[in-house]
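See below for the structure under consideration.
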Amino acid sequence: MERLVLVVLVTAGIRILDLGCGMGLELDEIFRLNTTARVACVDLSQKMLEILRIKHEDRLDNLNLITGSYF
C-alpha cells in the first residue's frame, strides 16, 4: 500500500484532499515528494489554518484552505 501511495503522490499536478489538516504537518512531506501537488486543506479551526498559512506561505498557490466540517 505504501508503494502505491508513493507512486500516486509523485504524479505531476496531483490533487489531494487533506481532511482535518490542522497545521499541515503532512504538507512538508507531500511537497518534498511533489512540488506540483495541489492540496485542499479542511479543518474546523481557523487558528490552525492561519498557522498553516504562515508555515507554508511559499506554497499558497498550491493550497486551498477551507474552514469547516468535512461532514
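Worth knowing before you read on, the calculation uses all heavy atoms, side chains too, and leaves out hydrogens, waters and symmetry mates. By convention here, the first residue in the shown sequence is residue 1.
- For the pair Ile30 and Val39, the tightest heavy-atom approach, listed with the atom from each and the gap, is CG2-CG2, 4.3 Å.
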Report all side-chain donor-acceptor pairs from residues 42-52 shorter than 3.5 Å, counting only partners two or more places apart or in another chain.
residue, atom, partner, partner atom, Å
Asp43, OD1, Ser45, N, 2.9
Asp43, OD2, Cys21, N, 3.4
Asp43, OD2, Gly22, N, 2.7
Ser45, OG, Lys47, N, 3.4
Ser45, OG, Met48, N, 3.1
Gln46, OE1, Thr67, OG1, 2.5
Gln46, NE2, Glu50, OE2, 3.0

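- With rounding to the nearest 0.5 Å, the separation of CG in Leu27 from NZ in Lys55 is 7.5 Å.
- The salt bridge (Lys or Arg N to Asp or Glu O under 4.0 Å) test applied to Arg15 returns no partner, not counting sequence neighbours.
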| field | Stepwise side-chain contact (heavy atoms from CB on, under 4.5 Å) test for Arg38 and Ile16 | value | CA-CA 6 Å; Arg38 302 193 52 80; Ile16 299 169; over 6 Å; no
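- To the nearest 0.5 Å, the span separating CD on Glu29 from CZ on Arg32 amounts to 4.0 Å.
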Only distances under 3.5 Å count here; give the side-chain donor-acceptor pairs of residues 58-66 to other protein atoms, sequence neighbours excluded, each with its distance to 0.1 Å.
residue, atom, partner, partner atom, Å
Arg59, NH1, Thr35, O, 3.4
Asn62, ND2, Thr35, O, 3.4
Asn62, ND2, Ala37, O, 2.9

| query | side-chain contact (heavy atoms from CB on, under 4.5 Å) between Leu17 and Tyr70: does it pass, once the steps are laid out? | reply | CA-CA 10 Å; Leu17 176 60; Tyr70 47 86; over 6 Å; no
